[in-house]
Amino acid sequence: MATAAVLTGVGTPLELREDVEVEAPRAGEVRLRTGASGVCHSDLSVQNGTIPLPTPIVLGHEGAGIVEEVGEGVTRVAPGDHVVLSFVPNCGDCYFCTRGQGYLCEKSAMQLMGGLLDGTTRFSSAGAPLHQMAMCGTFSSETIVPEISCVKIPDDVPLKVAALIGCGVLTGVGAALNTADIHEGDTVAVLGCGGVGLNVIQAARIAGAAEVVAVDMFDSKLEMAEEFGATRRVKAGTDDPSSVITAATGGRLADTVFEVIGLEATMNQAMDLARQGGEVVLVGVPRMDVFLNLNAALTFLYMAKTVKGCWYGSTNVGEDVPKLLDLYRDGKLKLDELISREIGVGEVNEAFAAMEGGEVARSVINYEAG
Ligand code: APR
Ligand code: ZN
Ligand code: ZN
């Protein structure tokens, strides 16, 4: 039996279930003892309907754990291995994986069904099946995941740190290092300084940005942004980002703008804050009914701007996870500092409220704290 936080319907609080049955791993699957799971905005986005997934569902897609049992044919990992979960499986063989675009792996298609690779789920509670977010379901003390969702890591990496790598860090750092094209001395603007945005900020500095303008509506987040390397702050709703960026660039505006919120207004604003020939990188996940309002001639021809979509930080997890761990070990990447609160799996609703209230970079469920 596992203990899990379950979303039973859009807009309702998560329910703590202590009776969750977890089936044995099938071929190509792995049973994982969950070590830790971050509470990411995308979990909240499933709860509030921004990201449509079937219910009832075990949320949680930013996790790390220890392999307990492997199904038939599993070769990537063995019992006892510590792993980070990639919320997009990475088969290594498909069209995308073989072109260095593992973040688009064809095996991820079934994620929309809330199941594993074959569309079915291994969780049930009170006799009814429970879906599983992103083939992870890390708001459960135990889970079954595809082996191709596992990235083996050294045993000495704290699992609560490893968990954050699985989504927020790979997404944010990847947006700056993989998706964008930042040059030494550039001016970068980051709209939204949450768990993902803070990682965009620190990686933009690693990529050589001289100025990073942080935009958020909470002072608490702007303070965190400065700790993570932002050089200027803009309080959304009070200060005007365009005048701060204008001042930073002698009127040219930003070389690269990252939208890390997922709102129509801030996505459109990002377009206006990029300079001629500049890039806009869309990281935040909007509702399905959001459209951008762009003047085609001005935006793409006369102003020659580029808009880049950024799914999972354009990451190839097999390469990026070790790279990020090296940066962390060398003291160049702040990961411990992302953990504002350690919580139990029964406290996810409170963690959602803390996230919306601007109180935390990340709350992390620490299953090992017992
Ligand atoms: N203007 C400026 N900042 C805003 C606004 C706004 N209108 N609305 C929200 N924010 C800020 C919040 O104050 C918060 O600091 O955006 C930040 C979002 O951070 P989190 O809630 O921690 O979300 P995070 O996990 O970082 O995810 C950000 O990326 O992966 C996606 O689905 C995820 O769309 C979400 C985005
Ligand atoms: Zn693939
Ligand atoms: Zn996430």
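When a ligand or atom number is given, it counts from 1 through the structure's own listing order.
- In terms of protein heavy atoms, atom 7 (N) of ligand 1 is closest to L263 CD1, 3.8 Å.
- Here the heavy atom of the protein found nearest to atom 2 (C) of ligand 1 is A236 CB, 3.5 Å.
- Which parts of ligand 1 touch G284 is read off a 4.0 Å heavy-atom cut-off, strictly below it: atoms 29 (O), 34 (O), 36 (C).
- To the nearest 0.5 Å, the span separating OH on Y367 from CD1 on I365 amounts to 4.0 Å.
- The pair D118-R26 counts as a salt bridge, with a side-chain nitrogen and a carboxylate oxygen less than 4.0 angstrom apart.
- Taking 4.0 Å as the cut-off, C193 counts as a neighbour of ligand 1 on heavy-atom distance.
- Looking at V196, V200, I261, it is I261 that brings a heavy atom closest to atom 6 (C) of ligand 1.
- Residue G195 places at least one N or O, backbone or side chain, under 3.5 Å from an N or O of ligand 1.
- For the pair D81 (side chain) and A78 (backbone), a donor-acceptor distance under 3.5 Å is present.
- Using a 30° and 60° split on the angle between ring planes, H61 and F87 fall in the perpendicular class, above 60°.
- Between the side chain of K221 and the backbone N or O of V360, at least one donor-acceptor pair lies under 3.5 Å.
- With hydrogens and angles disregarded, a donor-acceptor distance shorter than 3.5 Å links the side chain of S340 to the backbone of A361.
- The shortest contact between atom 13 (O) of ligand 1 and any protein heavy atom is with D216 OD1, 2.7 Å.
- In summary, the atoms of ligand 1 found under 4.0 Å from a heavy atom of F218, numbered by their order in the structure, are 13 (O).
- Note: no N/O pair closer than 3.5 Å links A361 and ligand 1 by distance alone.
- Of all N/O/S atoms in H61, NE2 sits nearest the Zn ion (ligand 3).
- Looking at atom 36 (C) of ligand 1, its nearest protein heavy atom turns out to be V260 O, 3.6 Å.
- Panel note: side chain S149, backbone V145; no donor-acceptor pair is recorded below 3.5 Å.
- At distances below 3.5 Å, at least one donor-acceptor pair connects side-chain atoms of T12 with backbone N or O atoms of G9.
- A salt bridge links D255 and R275; the closest N-O separation between the charged side-chain nitrogens and carboxylate oxygens is under 4.0 Å.
- Given atom 34 (O) of ligand 1, the protein heavy atom at minimum distance is V285 N, 2.8 Å.
- If you look at R362 next to ligand 1, the close heavy atoms, those under 4.0 Å, all belong to the side chain.
- Between K334 and D330 no salt bridge is recorded (no basic side-chain N to carboxylate O distance below 4.0 Å).
- Residue contacts with ligand 1: K221 is placed with a nitrogen or oxygen under 3.5 Å of a nitrogen or oxygen of the ligand (distance criterion only).
- Salt-bridge check for E15 with R17: passed, with a basic side-chain N closer than 4.0 Å to an acidic carboxylate O.
- For K308 and E279, the salt-bridge test passes: some basic side-chain N is under 4.0 Å from an acidic carboxylate O.
- Protein atoms that are N, O or S and lie under 2.8 Å from the Zn ion (ligand 2) are these: C91 SG, C94 SG, C97 SG, C105 SG.
- Of the possible donor and acceptor atoms, none in the side chain of T34 sits under 3.5 Å from a partner among the backbone N and O of A36.
- Distances between N or O atoms of M355 and those of ligand 1 include no value under 3.5 Å.
- A 4.5 Å side-chain heavy-atom check between K107 and P146 finds every atom pair outside the cut-off.
- Near G194, the atoms of ligand 1 lying under 4.0 angstrom from a non-hydrogen atom of the residue are 15 (O), 17 (C), 19 (O), 20 (P), 22 (O), 26 (O).
- Nearest to atom 23 (O) of ligand 1 among the protein's heavy atoms is H41 CB, 3.0 Å.
- If you take CG on L7 and OG1 on T55, they are separated by 6.0 Å, rounding to the nearest 0.5 Å.
- Contacts between S42 and ligand 1 below 4.0 angstrom, taking non-hydrogen atoms only, involve backbone and side chain alike.
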